[in-house]
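This report concerns only the one structure given below.
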There are 2 protein chains.
Amino acid sequence: MDHTRWLDDHEQETWRAFLTANRLLFERVERQLQNEARMPHAYYEILVRLSEAPDRTLRMSRLADTSLSSRSRLSHAVARLEQAGWVERTACETDRRGAWARLTDAGQAALEAAAPGHVETVRSVLFDALTPAQVTALNEISVALVDHLVDAPVWPAENDRDCPEAG
Amino acid sequence: MDHTRWLDDHEQETWRAFLTANRLLFERVERQLQNEARMPHAYYEILVRLSEAPDRTLRMSRLADTSLSSRSRLSHAVARLEQAGWVERTACETDRRGAWARLTDAGQAALEAAAPGHVETVRSVLFDALTPAQVTALNEISVALVDHLVDAPVWPAENDRDCPEAG
DNA sequence: TCACTATAGTTGAGCACTCAAGATCAGAGG
DNA sequence: CCTCTGATCTTGAGTGCTCAACTATAGTGA
């Protein structure tokens, strides 16, 4: 009983090209940041989200959401960033379980130092390769994917543990 | 002197949507394979490449290229896959530096067991979200990116160490 | 007041990856 | 033959991630 909806040739080709493009692209981005700014891309994003927040401060949980990070991952990351002197954690007074993360001046400086090289890399690996129409298409495709993936069930089949409305 | 070609709003939005879509998408793919087949996506790809090769056998270096893996990464990965009994390494007789990697019957079986769930996931996270026109557009965009990134200089600026023709 | 449940965040173990360095061998040139 | 360059593949250390388990506090309802 093979109900699998296999990929046809066109889909297969698309998936592999998509995979390859992604690997190559993010490898470049990651390497550039690691070499010139001594931080992985995930950390860069955390610094960006903090820099955009009022008082450069966010609750850990909000920061996790906006930087597309799991709680655990963020905890580990912020521990490292704190060690580097780029972020500070302070206790939250209204909710004593919580914690604030604040971007320090040193962190802001590190971000500003890293930004030009990073942006240049993003442009050179992505936008320089595409026509304006393709950029627009990529935008629409990405938005469609995000809409489709956000809040969608993580496990299409199986794993409907204690979710009565599943299935 | 700020020559940085910053991203305009449209580019910024596109980049962030692209990033978000990628994170969400590959997180699903990775999780599904890890949970249902006990292997990361990179290992799955290695098994696929081997399964498509004559005699299910490839030189390590070719396997590294086709699976978009660094030599080091492949060495570590194949060591693990060998431990699992899914791949075998044998010495190459014509080039005694080299090594062959062969997909075992157990490896083929593991791959066949993993494939339906993986393909179903790929379909559900990617193709189900897109119109046929968008799939075609994504294909063209991906191919353009791959063409642009393959054999392009890794470090646009700097790092022209011993490459006399750089610059 | 007293559970009970949910939320916020951390921690440690295990694993995959990167980087740099090394061991081994092939091929080319003197 | 012998050296030199380059290719093949491996190894070990360091790092960031995931997962599961944990602590601590908030909120809810009897």
Side-chain angles (χ1 to χ4, degrees), chain A residues 23 26-47 58-84 87-101 154-155 159 161-163, chain B residues 23 26-46 58-65 67-84 87-101 154-155 159 161-163:
Chain A
R23 289 278 166 82
F26 287 109
E27 195 183 321
R28 300 290 176 89
V29 170
E30 205 69 58
R31 275 243 259 273
Q32 182 275 329
L33 273 175
Q34 195 64 58
N35 276 273
E36 296 179 19
R38 302 290 152 192
M39 64 176 98
H41 187 225
Y43 289 15
Y44 180 87
E45 280 189 275
I46 290 171
L47 298 187
L58 278 177
R59 284 290 293 273
M60 289 293 282
S61 47
R62 277 228 161 284
L63 183 53
D65 293 343
T66 60
S67 62
L68 297 175
S69 187
S70 71
R71 303 281 162 96
S72 168
R73 180 172 164 182
L74 186 69
S75 261
H76 287 296
V78 168
R80 278 258 165 206
L81 291 171
E82 202 169 21
Q83 221 174 322
V87 171
E88 274 177 2
R89 265 182 299 197
T90 56
C92 176
E93 297 178 358
T94 63
D95 184 343
R96 288 163 62 186
R97 297 166 300 180
W100 294 101
V154 176
W155 305 115
N159 202 322
R161 315 168 260 210
D162 23 30
C163 305
Chain B
R23 289 278 166 83
F26 287 109
E27 196 183 321
R28 300 290 175 91
V29 170
E30 206 68 58
R31 276 242 258 272
Q32 182 275 329
L33 272 175
Q34 195 63 58
N35 276 274
E36 297 178 19
R38 303 291 153 189
M39 64 177 100
H41 187 225
Y43 288 16
Y44 181 87
E45 280 188 277
I46 291 171
L58 278 178
R59 284 289 296 273
M60 289 291 284
S61 48
R62 276 230 162 281
L63 183 53
D65 293 343
S67 62
L68 297 175
S69 187
S70 71
R71 303 284 163 96
S72 168
R73 180 170 163 184
L74 185 69
S75 261
H76 287 295
V78 168
R80 278 258 164 205
L81 291 171
E82 202 168 21
Q83 220 175 322
V87 171
E88 273 176 3
R89 264 183 299 197
T90 56
C92 175
E93 296 178 359
T94 63
D95 184 342
R96 288 163 62 187
R97 295 166 302 182
W100 294 101
V154 177
W155 305 114
N159 202 321
R161 315 170 259 211
D162 25 29
C163 305

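Computed from heavy atoms alone, side chains included, the values below leave out hydrogens, waters and symmetry copies. Sequence lines set the chain letters: A, B, ... in the order given, protein chains first and strands last, and positions in each chain run from 1. Fair warning: this is a prediction, and the values are worked out from it, not measured in the lab.
With hydrogens and angles ignored, the 3.5 Å screen pairs no side-chain donor or acceptor of B:Glu88 with any backbone N or O of B:Ala101. Side-chain atoms of B:Glu30 come within 3.5 Å of backbone atoms of B:His41 as a donor-acceptor pair (strictly under, hydrogens ignored).
Residue B:Leu74 holds its CG atom at 11.5 Å from CG of B:Leu68, rounded to the nearest 0.5 Å. Taking OG of A:Ser70 as the reference point, atom CD of B:Glu27 lies at 8.0 Å (rounded to 0.5 Å). To the nearest 0.5 angstrom, B:Ser67 atom OG is 12.0 Å from B:Arg62 atom CZ. Of the inter-residue distances, the one linking B:Arg80 atom CZ with B:Gln83 atom CD reads 5.5 Å to the nearest 0.5 angstrom.
One can place CG of A:Leu63 at 11 Å from P of C:dT10, the figure rounded to the nearest angstrom. A:Phe26 places its CZ atom 17 Å from the C1' atom of D:dG16, with the value rounded to the nearest Å. Atom CZ in A:Arg62 sits roughly 11 Å away from atom P in C:dG9 (whole-Å rounding). The distance between atom CE of A:Met60 and atom P of D:dT23, rounded to the nearest whole Å, is 20 Å. Summarising the geometry, the separation between CZ on A:Arg59 and C1' on C:dT7 is reported as 10 Å, rounded to the nearest angstrom. Between the CD atom of B:Glu30 and the P atom of D:dC19 there is a distance of 9 Å, given to the nearest Å. Atom CZ of A:Arg38 is separated from atom P of C:dC19 by 10 Å (rounded to the nearest Å). A straight line from CD1 of A:Ile46 to P of D:dC17 spans 7 Å, rounded to a whole angstrom.
Here D:dT10 is the nucleotide among C:dT10, D:dT10, D:dC19 with the atom lying nearest to any side-chain atom of B:Arg89. With distances taken from any side-chain atom of A:Ser75 to the nucleotides C:dG9, C:dC17, D:dG16, the minimum falls on C:dG9. Nearest nucleotide to the side chain of A:Tyr43, out of D:dT8, C:dG9, D:dC17: D:dC17.
End-to-end axis angle of the helix from C:dT1-D:dA30 to C:dG30-D:dC1, from C1' rotation axes over five pairs per end: 0° (rounded to 10 degrees).
With respect to A:Arg23 and B:Glu45, a salt bridge is recorded, a charged nitrogen being found less than 4.0 Å from a carboxylate O.
The phosphate of D:dA7 has neither OP1 nor OP2 within less than 4.0 Å of any side-chain N or O from B:Arg71. In terms of phosphate contacts, B:Arg31 brings a side-chain nitrogen or oxygen within less than 4.0 Å of OP1 or OP2 of D:dC19. Note on B:Arg73: every side-chain N or O is 4.0 Å or more away from OP1 and OP2 of C:dA16. OP1 or OP2 of C:dA16 has at least one side-chain nitrogen or oxygen of B:Arg80 nearer than 4.0 Å.
If you check every strand for non-hydrogen atoms under 4.0 Å, B:Ala79 touches nothing. Residue contacts for B:Ser61: at a heavy-atom cut-off of 4.0 Å it reaches the sugar-phosphate backbone alone, with no base atom in range. In this structure, A:Ala42 reaches the sugar-phosphate backbone alone: every heavy-atom distance under 4.0 Å involves primed, P, OP1 or OP2 atoms, never a base.
The base of C:dG12 sits within donor-acceptor range of the side chain of A:His76, with an N or O pair under 3.5 Å. A donor N or O paired with an acceptor N or O is found under 3.5 Å between the base of C:dC19 and the side-chain atoms of B:Ser72. Taking 3.5 Å as the limit, the base of D:dC17 and the side chain of A:Ser70 contain no donor-acceptor pair of atoms between them. For C:dA26, the base has no donor-acceptor partner in the side chain of B:Arg97 [N/O atoms by modelled type, under 3.5 angstrom].
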Before giving the answer on side chain to side chain contact (heavy atoms under 4.5 Å, CB included), spell out for A:Tyr43 and A:Leu81 the whole-Å C-alpha distance, their side-chain angles and the decisive distance to 0.1 Å.
CA-CA 8 Å; A:Tyr43 289 15; A:Leu81 291 171; 3.8 Å; yes
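For the pair A:Gln34 and A:Val78, both in contact range of DNA chain C, the more 5′-proximal nearest nucleotide belongs to A:Val78.
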